Enquirer: 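Below is a structure I'd like to ask you about.
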Amino acid sequence: MHPAITDKVSDIFIMAKLLVKVFELFKYLKNSVMMNEKENIQDENLEQNENNQDKETTQEQVVELSQEEILTNKLAETNDKFARLFAEFDNYKKRTSKERVELIQTAGQGVISKLLTVLDDFDRALNAMATAQDVESVKQGVDLVNNKFRKILENEGLKEMTVVGETFDADFQEAITAIPAPTEEMKNKVIDVVEKGYTLNDKVIRYAKVVIGQ
């Protein structure tokens, strides 16, 4: 073979090998670029997911903080209402205690005011008795004062017990002593009254001290 032709073949063969190498290099570079792009995409997706998770976590924290703030505000309002109610109740208790003390101190004021007129009548009767010559007129005056006094007490709800001849009742009477009954019918009945009993608006305020037959 002619040397010139041999040199051309050799050059063609070298160029072919070089092209193969270039093609392989190009293919390698292409694969590397694609892998890098995939890795970048994966990294971007991972970063986005992480960002989304962080965002969700932040939103949850904000929501949790908001709920905590709401509960804190409700607790503060409840404490404020409780403090107000307690203060109002304390004032009410003090006020009612004061009114109760005043009521106890002045409970008999109305009755005492009405009895002052009877006291005036007694004073006039005593003055009249000092110089009276007519005993009957003095007696009538005392009877008038006595009746007036009893009428005032009756109007206030006071009632005298009528127990003579009645069967003994421990709810209204207190037996001082017992004596033989004068008749069979008077057994276990009130024969005499040592001290009168009274009720005030149907409530016993003093038991009648009585003598009963046996």
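What you see is a predicted model; the values in this text were computed from it and never measured.
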Enquirer: Considering residues at least two apart in sequence or located in another chain, which fulfil the side chain to side chain contact (heavy atoms under 4.5 Å, CB included) criterion with Pro180?
Expert: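 Here no residue qualifies.
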
Enquirer: Any pair with a residue in residues 113-131 that passes salt bridge (Lys or Arg N to Asp or Glu O under 4.0 Å), sequence neighbours left out, goes on the list, sorted by first then second residue, please.
Expert: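 Non-adjacent pairs meeting salt bridge (Lys or Arg N to Asp or Glu O under 4.0 Å): Lys114-Glu156, Asp121-Arg124, Asp121-Lys148.
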
Enquirer: Kindly list each side-chain donor-acceptor pair under 3.5 angstrom involving residues 196-208, sequence neighbours excluded, with atom names and distances?
Expert:
unit_1: Lys196; atom_1: NZ; unit_2: Glu160; atom_2: OE2; d: 3.3
unit_1: Arg206; atom_1: NE; unit_2: Lys196; atom_2: O; d: 2.9
unit_1: Arg206; atom_1: NH2; unit_2: Lys196; atom_2: O; d: 2.7

Enquirer: Give the intermediate values and the outcome of side-chain contact (heavy atoms from CB on, under 4.5 Å) for residues Asn155 and Lys151.
Expert: CA-CA 6 Å; Asn155 291 337; Lys151 188 66 176 177; 4.0 Å; yes

Enquirer: Flag yes if Phe149 and Val111 sit in one hydrophobic cluster, no otherwise; membership is Ile, Leu, Val, Met, Phe, Trp, Tyr, and two members link when side-chain heavy atoms are under 4.5 Å apart.
Expert: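 Yes, Phe149 connects to Val111 through the hydrophobic network.
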
Enquirer: Could you walk me through whether Ile176 and Val210 pass the side-chain contact (heavy atoms from CB on, under 4.5 Å) test, one step at a time?
Expert: CA-CA 6 Å; Ile176 300 301; Val210 299; over 6 Å; no

Enquirer: For residues 85-95, please give each side-chain donor-acceptor pair under 3.5 Å, one per line with the distance, not counting sequence neighbours.
Expert:
unit_1: Asp90; atom_1: OD2; unit_2: Lys94; atom_2: NZ; d: 3.3
unit_1: Asn91; atom_1: ND2; unit_2: Ala87; atom_2: O; d: 3.2

Enquirer: Under 3.5 Å, side-chain donor or acceptor atoms of residues 166-175 against the rest of the protein: list the pairs with distances, not counting sequence neighbours.
Expert:
unit_1: Asp169; atom_1: OD1; unit_2: Asp171; atom_2: N; d: 3.0
unit_1: Gln173; atom_1: OE1; unit_2: Asp169; atom_2: N; d: 2.8

Enquirer: Can you list, by chain and residue number, the hydrophobic cluster partners of Ile112 when the side-chain cut-off is 4.5 Å?
Expert: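 Cluster partners of Ile112: none, it stands alone.
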
Enquirer: Only counting residues at least two apart or in another chain, list the ones meeting side chain to side chain contact (heavy atoms under 4.5 Å, CB included) with Leu144.
Expert: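 In terms of side chain to side chain contact (heavy atoms under 4.5 Å, CB included), with neighbours along the sequence ignored, Leu144 is linked to no residue.
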
Enquirer: Please identify each residue that fulfils salt bridge (Lys or Arg N to Asp or Glu O under 4.0 Å) with Arg84, with sequence neighbours left out.
Expert: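 In terms of salt bridge (Lys or Arg N to Asp or Glu O under 4.0 Å), with neighbours along the sequence ignored, Arg84 is linked to Asp80.
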
Enquirer: List the steps, then state whether side-chain contact (heavy atoms from CB on, under 4.5 Å) holds for Val118 with Ile152.
Expert: CA-CA 9 Å; Val118 179; Ile152 291 174; 3.5 Å; yes

Enquirer: Does Asp134 have any side chain to side chain contact (heavy atoms under 4.5 Å, CB included) partners at least two apart in sequence or in another chain, and if so, which?
Expert: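 Scan of Asp134 (side chain to side chain contact (heavy atoms under 4.5 Å, CB included), adjacent residues dropped) gives Glu136, Ser137.
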
Enquirer: Between Ile179 and Ile191, which heavy-atom pair has the shortest distance, and what is it?
Expert: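 Answer, listing the atom of Ile179 first, then Ile191: CG1-CD1, 3.8 Å.
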
Enquirer: For residues 176-194, which residue pairs pass the side chain to side chain donor-acceptor pair (under 3.5 Å) check, not counting sequence neighbours?
Expert: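 Qualifying pairs, neighbours excluded: Glu184-Lys187.
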
Enquirer: Can you tell me how far the CZ atom of Phe122 sits from the CG atom of Asn146, to the nearest 0.5 Å?
Expert: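 Spacing of CZ (Phe122) from CG (Asn146) equals 6.5 Å.
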
Enquirer: Could you give the distance from CG (Leu153) to CG (Leu115), rounded to the nearest 0.5 Å?
Expert: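 The CG atom of Leu153 sits 6.0 Å away from the CG atom of Leu115.
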
Enquirer: Any chance you could measure Leu75, atom CG, to Phe82, atom CZ, to the nearest 0.5 Å?
Expert: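 The distance works out to 12.0 Å.
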
Enquirer: Linking I/L/V/M/F/W/Y whenever any side-chain heavy atoms sit under 4.5 Å apart, do Val190 and Val194 land together?
Expert: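 Unlinked, Val190 and Val194 end up in two clusters.
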
